[in-house]
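Only one structure is covered here, and it is reproduced in the block below.
Chain letters run A, B, ... following the sequence lines, proteins first and then strands; every chain starts at 1.
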Amino acid sequence: MIQVLYFASLRERLGRGDETLDQHPDTLAALRAQLAARGGAWHEVFAGDLRVLAAVNQEMAGEDGAIADGDEIGFFPPVTGG
Amino acid sequence: MIQVLYFASLRERLGRGDETLDQHPDTLAALRAQLAARGGAWHEVFAGDLRVLAAVNQEMAGEDGAIADGDEIGFFPPVTGG
Amino acid sequence: MDVEIRIQDTPLQPWSEMPPVHAGRPSVGGVVSFVGLMRDSNQGDAVAGMTLEHYPGMTEKALAQIVDEAGQRWQLEAVRVIHRVGELAPQDPIVLVAVASAHRGEAFQACEFIMDYLKTRAPFWKRERTAAGDARWVDARHSDDAAAAAWENGPES
Amino acid sequence: MDVEIRIQDTPLQPWSEMPPVHAGRPSVGGVVSFVGLMRDSNQGDAVAGMTLEHYPGMTEKALAQIVDEAGQRWQLEAVRVIHRVGELAPQDPIVLVAVASAHRGEAFQACEFIMDYLKTRAPFWKRERTAAGDARWVDARHSDDAAAAAWENGPES
């Protein structure tokens with residue numbers, strides 16, 4: 001089981017801020033592919049031209065980031081604070 | 001007639017903060033030589049190893065800085081504010 | 001190095017936050033601070049308001065890592081980072097980064113470094129409302145990416 | 001560019017001086033400030049106090065020229081420079097340089113530029129009293145000359 005969070009414009013596009021997945025793949029790349037396969041806005045966000053950053057357990061992570069049971073995964077657009 | 005001012009460690013070494021000179025040369029270099037010729041501390045300050053900066057009418061000026069009647073000349077060590 | 005990091009949804013009063021950065025630290029020779037303020041226009045449009053969203057938990061971690069990295073690069077006495085979230089109006093302070101060091105060069109470098117990294121690595125997002133009534137997410141700027149990238153290989157002090 | 005330059009022999013309260021740098025200026029996106037403070041030691045000796053002497057008249061002119069040069073190099077909204085003279089104790093603020101700009105990079109550069117030039121071009125001199133009871137004029141530092149010289153040919157923004 002993993003917790004997946006969506007922030008800012010992603011949350012708006014996807015229409016949700018978080019969800020729990022009972023089944024999950026082992027890497028961020030595979031998780032993105034799994035989410036994109038839902039189609040519609042999910043495909044646009046995770047298989048389109050958008051730059052979507054990811055964090056595993058609140059640490060920035062690349063495509064090969066490993067996912068383990070109990071992890072918190074965050075997806076979000078490039079940051080614009082400061 | 002020119003006004004000559006001495007600041008900080010120069011004022012202490014020379015024992016005075018200002019003076020008026022009725023006769024004056026045309027350049028800073030010549031003024032330094034004239035002051036050095038007084039001997040003692042004056043020679044040490046103006047003909048020794050000390051780095052002595054100069055301003056003409058409150059603007060930094062080099063050795064070839066011109067001096068005209070009525071000018072205010074300042075001599076001082078490298079600055080240490082801030 | 002004494003570090004304080006805070007995220008708050010109440011108004012940020014940057015100058016009231018400054019004394020603790022240097023008070024009681026007699027070896028501090030210089031304090032450099034940056035305060036980011038909400039501007040009243042962006043990309044040519046008048047902006048009426050802004051909502052700042054963040055990723056609670058990750059934000060604090062990311063800021064702590066950035067400050068820690070600054071503390072490894074430079075000799076710092078104290079660092080304070082305070083960032084607003086929630087609803088802001090033009091001229092409201094958004095962020096304060098303050099750095100105290102024995103020497104000014106290190107304080108300048110570290111403060112700019114922290115800001116450049118915060119701009120690209122700390123999970124905050126701005127949504128602005130234009131005076132015309134539109135709401136839009138603010139785009140990340142390439143100039144911010146470039147500023148952060150310049151520290152990767154640039155001179156350190 | 002709105003400029004205020006002040007020399008004062010009364011205590012400098014730097015953070016009270018900051019609001020006018022940005023208040024009422026809705027195009028300001030960033031304010032960078034530097035505050036220089038008297039340290040309690042120098043060159044390995046404990047320092048008990050300091051007297052700051054200056055060249056009245058020339059000081060104000062020199063600072064105005066430095067700020068003017070910064071305003072030519074960068075797009076600035078407001079600059080404030082306040083410098084103490086007279087008797088100071090450890091931890092007393094010596095100088096405040098505050099710069100407001102639309103963009104943070106310009107504010108950082110201009111603030112550091114003004115400080116580096118102030119350190120080498122503005123006629124102030126420090127005489128310190130060590131805890132052991134000696135009084136001595138503080139020597140100019142080569143590192144300050146180098147910092148100022150780096151702006152002569154360095155990148156401008």
Can a donor-acceptor pair be found, under 3.5 Å and without considering hydrogens, that links the side chain of C:K126 to the backbone of A:G82? yes

Is there a donor-acceptor pair under 3.5 Å between the side chain of C:W125 and the backbone N or O of A:P77? yes

Tell me, for [X] versus chain A, whether the close heavy atoms (under 4.5 Å) come from the side chain, the backbone, both or neither.
{"X": "C:I94", "value": "side chain"}
{"X": "C:D144", "value": "neither"}
{"X": "C:K61", "value": "side chain"}

Validation row: A:Q58, C:E60 side chains within 4.5 angstrom (heavy atoms): no

For atom [atom1] of [X], is the number of surrounding heavy atoms from other residues, nucleotides or ligands below 6.0 Å larger than 12?
{"X": "A:E63", "atom1": "CD", "result": "yes"}
{"X": "C:D68", "atom1": "CG", "result": "yes"}
{"X": "C:Q13", "atom1": "CD", "result": "no"}
{"X": "C:R129", "atom1": "CZ", "result": "yes"}
{"X": "C:Q75", "atom1": "CD", "result": "no"}

Greatest number of non-hydrogen atom pairs under 4.5 angstrom with chain A, of C:G57, C:G36, C:A62, falls to C:G57

Kindly compute the distance separating [atom1] ([X]) from [atom2] ([Y]), expressed to the nearest 0.5 Å.
{"X": "C:R136", "Y": "A:S9", "atom1": "CZ", "atom2": "OG", "result": "14.0 Å"}
{"X": "A:T80", "Y": "C:E53", "atom1": "OG1", "atom2": "CD", "result": "9.5 Å"}
{"X": "C:W137", "Y": "A:L10", "atom1": "CH2", "atom2": "CG", "result": "10.0 Å"}

Which atom names give the shortest non-hydrogen contact between A:V79 and C:L118, and what distance separates them? CG2-O, 4.3 Å

Under 4.5 Å from a heavy atom of chain C, the part of A:L5 involved: side chain

Between A:E59, A:R51, A:E12, which residue shows the highest count of heavy-atom pairs closer than 4.5 Å to chain C? A:E12

Do A:F7 and C:M58 pass the side chain to side chain contact (heavy atoms under 4.5 Å, CB included) test, and can you show the C-alpha distance, the side-chain angles, and the key distance before you say yes or no? CA-CA 12 Å; A:F7 291 94; C:M58 179 173 170; over 6 Å; no

